[in-house]
Amino acid sequence: MKYTDEEQLLLTRINEMGQQALEAGIVPIRDVIDILGSRWKVEILTGVARGHHRFSELNTFLYDISEKMLASGLRQLTELQLIERTDRFGYTNRAEYHITHQGLMLFNVIFAMQEWGEGYRKELFGGEKHLPSSE
């Protein structure tokens, strides 16, 4: 197979990684996969970043998520420090969610994945919305 100069540089970088560096590099990659591997985490993170700060706003924005799944996702993203929860006390007690610096920086990865996915679909499947069925 013939590779472009960019592809050849990537292959060189991969092959120059020592075993220890390779193993150490896999751990943070697994962290990202665990965070982004859940369907709802990216959507919840996007909703919070777009200014939907209250549970009810997020529930409306993500109209097909269950309240249980939304609550679980918010709790997990808060524990991962990708969003922060602020409790507001007053006439009505409510929580508000805001994206953190780390949560915002994760969008660099999300946008890179989006760009790669769009190119992949266009090249292999003509831009189809879904991958071909494996059945």
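Heavy atoms only: backbone and side chains are in, while hydrogens, waters and symmetry mates are out.
For Asp5, the CG atom counts as loosely surrounded, since its 6.0 Å shell holds 12 or fewer non-hydrogen atoms of other residues, nucleotides or ligands. For Met113, the CE atom is loosely surrounded, since the number of other residues' heavy atoms within 6.0 Å does not exceed 12.
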Where do Leu36 and Leu106 land on the side chain to side chain contact (heavy atoms under 4.5 Å, CB included) test, with the steps shown first?
CA-CA 9 Å; Leu36 299 180; Leu106 185 56; 3.9 Å; yes
Can Leu74 and Trp40 be said to form a side chain to side chain contact (heavy atoms under 4.5 Å, CB included), step by step?
CA-CA 10 Å; Leu74 287 167; Trp40 291 111; over 6 Å; no
Could you walk me through whether Phe107 and Thr46 pass the side chain to side chain contact (heavy atoms under 4.5 Å, CB included) test, one step at a time?
CA-CA 9 Å; Phe107 276 93; Thr46 300; 3.7 Å; yes
List the steps, then state whether side chain to side chain contact (heavy atoms under 4.5 Å, CB included) holds for Thr86 with Tyr97.
CA-CA 6 Å; Thr86 305; Tyr97 299 91; over 6 Å; no
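Side-chain atoms of Thr78 never come within 3.5 Å of backbone atoms of Arg85 as a donor-acceptor pair (strictly under, hydrogens ignored).
A side-chain hydrogen bond (donor to acceptor under 3.5 Å, both in side chains) with His53 is found for one member of His98, Glu96, Arg94 and no other, namely His98. A side-chain hydrogen bond (donor to acceptor under 3.5 Å, both in side chains) with Glu118 holds for exactly one of Lys122, Arg121, Gln114; it is Gln114.
A single hydrophobic cluster is seen to contain both Phe111 and Ile35, as judged by linkage of ILVMFWY side chains at heavy-atom distances under 4.5 Å, directly or through other members. Linking ILVMFWY residues whenever their side-chain heavy atoms come closer than 4.5 Å, directly or via other members, places Met1 and Leu11 in the same cluster. Cluster annotation: Val32 is connected to Leu82 through the hydrophobic network of ILVMFWY side chains, with a link wherever side-chain heavy atoms come within less than 4.5 Å. In this structure, Val109 is a member of the same hydrophobic cluster as Val48, with clusters built from ILVMFWY side-chain heavy atoms closer than 4.5 Å. Grouping the Ile, Leu, Val, Met, Phe, Trp and Tyr side chains by contacts below 4.5 angstrom, directly or via other members, places Ile26 apart from Met17.
Within the 4.5 Å cutoff, the side chain of Glu16 has heavy atoms near those of the Thr12 side chain.
Centroid-to-centroid, the aromatic rings of Phe125 and Tyr120 come within less than 6.0 Å.
For the pair Ala49 and Ile99, the tightest heavy-atom approach, listed with the atom from each and the gap, is CB-CD1, 3.7 Å. Heavy atoms only, all atoms of each residue included: Ala95 and Asp87 are closest at CB-OD1, 3.7 Å. Summarising the geometry of Leu62 relative to Leu70, their closest heavy-atom pair is CD1-CD1, 4.4 Å, with the distance given to 0.1 Å. Residue Ile44 comes nearest to Gly73 through the heavy atom pair CD1-CA, 3.8 Å, listed as atom of the first residue, atom of the second, then distance. Taking both residues in full, the closest heavy atoms of Phe55 and Glu67 are given as CZ-O, 3.6 Å, listed atom of the first, atom of the second, then distance.
Between the CG atom in Leu58 and the CZ atom in Arg54 there is a gap of 10.5 Å [rounded to 0.5 Å]. Here the CG atom belonging to Leu77 is positioned 9.5 Å from the OG1 atom belonging to Thr100, to the nearest 0.5 angstrom. Distance NE2/His101 to CD/Glu84: 13.0 Å, rounded to 0.5 Å. Taking CD from Gln81 and CD1 from Ile83, the interatomic distance works out to 11.5 Å, rounded to the nearest 0.5 Å.
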